[in-house]
Each structure stands twice: as structure tokens, then as C-alpha cells.
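The first residue in the sequence is number 1, and the count goes up from there.
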Amino acid sequence: QVQLVESGGGLVQSGGSLRLSCAASGFTVAHYSIAWFRQAPGKEREGVSCINSADGSAIYADSVKGRFTSSRDNAKNMAYLQMNNLKPEDTAVYYCAAGGAYGAYCSDPYYYDMNYWGEGTLVTVSS
């Protein structure tokens, strides 16, 4: 059974850090692009980052560049999103997703590549 489970969300003060984890089962994360999305109340879901299965490089939304870092641990079948210098506007439910062809780079936009989605984890940043 294919499953993605996010964890690590919570309440943090502005300027703080959180690391989100995404545990995968039923498939191998190394074979897919792994993306992070977020959805704030009343807003559309937006892509935050995507790490590809070609060379492991990642792309980021302009709003998080320099603050967020996406990574994966293929041995553990996990993906991570390290979030530093958090701002109140980062408050959202964060989702991890997997998809795309093995050995491919993330598409632009990468939303349509995603086949598997987690249920999300809430991140709240207080001012």
C-alpha cells in the first residue's frame, strides 16, 4: 500500500525553525521526485520545493528560497523539509507528494507530476 505520512509540524515563533519529515511506504522515494506543497487558509495549494530523482537537486518557490531546504534519505525512504527563519506567512498545512519519472527533473509546474500525496501537517508561525 502506497502511503506518505508527514510529521514535524507545530507552533513556532517567527524566526524559528522546524523540520518536516515525510515517511514513504509502498514505493521507493529514490525513484521519484519528492515535492512539498502548502495550503494556507483561504488560499490555493502552492508548490514549495521539489527534489528530483535525476541528480538530487531541488527547486524552490521564491518565497522560501534561502530559508527552506529539501532533502531525502533514500536508505530510510524518507524526505525532509528544513524550514528556517520562519515567518507568519509560512503558516499553512504542508503536504509531501511523490511522482514523476525515474531519473527525471522536476517539471514546471511539478504539481501535475505528483501521483502520491500525504495527509498534511500543520505549521503555525506566530508573530
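For Q82, the CD atom sits in a packed shell: over 12 heavy atoms of surrounding residues, nucleotides or ligands are nearer than 6.0 Å.
With contacts defined as side-chain heavy-atom distances shorter than 4.5 Å, the pair F68/L81 qualifies. The shortest side-chain heavy-atom distance between Y32 and S53 does not fall under the 4.5 Å cut-off. A 4.5 Å side-chain heavy-atom check between Y112 and S107 finds every atom pair outside the cut-off. Looking at heavy atoms from C-beta onward, F27 lies in side-chain contact with Y116 at the 4.5 angstrom threshold. Under the 4.5 Å side-chain criterion, counting only non-hydrogen atoms from C-beta, T121 is not in contact with V93.
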Inset, instruction - Apply side chain to side chain contact (heavy atoms under 4.5 Å, CB included) to W36 and C22, showing your working. - result: CA-CA 9 Å; W36 290 90; C22 176; 3.7 Å; yes
Inset, instruction - Using the side chain to side chain contact (heavy atoms under 4.5 Å, CB included) rule, take L20 and V123 through it: C-alpha gap first, then chi angles, then the decisive distance, then the call. - result: CA-CA 9 Å; L20 305 183; V123 172; 4.0 Å; yes
Legend entry - Intermediate values then yes/no, side chain to side chain donor-acceptor pair (under 3.5 Å), D55 and Y105: CA-CA 8 Å; D55 60 10; Y105 290 88; 3.3 Å; yes
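Separating the CE atom in M78 from the CZ atom in R72 is a distance of 13.0 Å, to the nearest 0.5 Å. To the nearest 0.5 Å, atom CD1 of residue I34 and atom CD1 of residue I51 are 8.5 Å apart. Annotation: the span from N85 atom CG to S14 atom OG amounts to 7.0 Å, rounded to 0.5 Å. The CD1 atom of I59 sits 5.5 Å away from the OH atom of Y110 when rounded to the nearest 0.5 Å. Expressed to the nearest 0.5 Å, how far NE2 of H31 lies from OH of Y102 amounts to 4.5 Å. From L86, atom CG reaches atom OG of S126 across 10.0 Å, with rounding to the nearest 0.5 Å.
V48 and F37 sit in two unconnected hydrophobic clusters of ILVMFWY residues. Membership requires side-chain heavy atoms under 4.5 Å apart, directly or through other members. The hydrophobic clustering, which links ILVMFWY residues whose side-chain heavy atoms are closer than 4.5 Å, places V125 and Y60 together.
Side chains of S33 and N52: a donor-acceptor N/O pair is absent below 3.5 angstrom, by distance only. Side chains of N77 and S25: a donor-acceptor N/O pair is absent below 3.5 angstrom, by distance only. For the residue pair R38 / Y94, a side-chain donor-acceptor distance below 3.5 Å is found, with atom types taken as modelled.
Using a 4.0 Å cut-off between charged nitrogen and carboxylate oxygen, K87 and D90 do not count as a salt-bridge pair.
Here the closest non-hydrogen pair linking A61 and G47 is CB-O, 3.5 Å.
Classified by interplanar angle (parallel below 30°, tilted 30° to 60°, perpendicular above 60°), the ring pair W117/Y95 is perpendicular.
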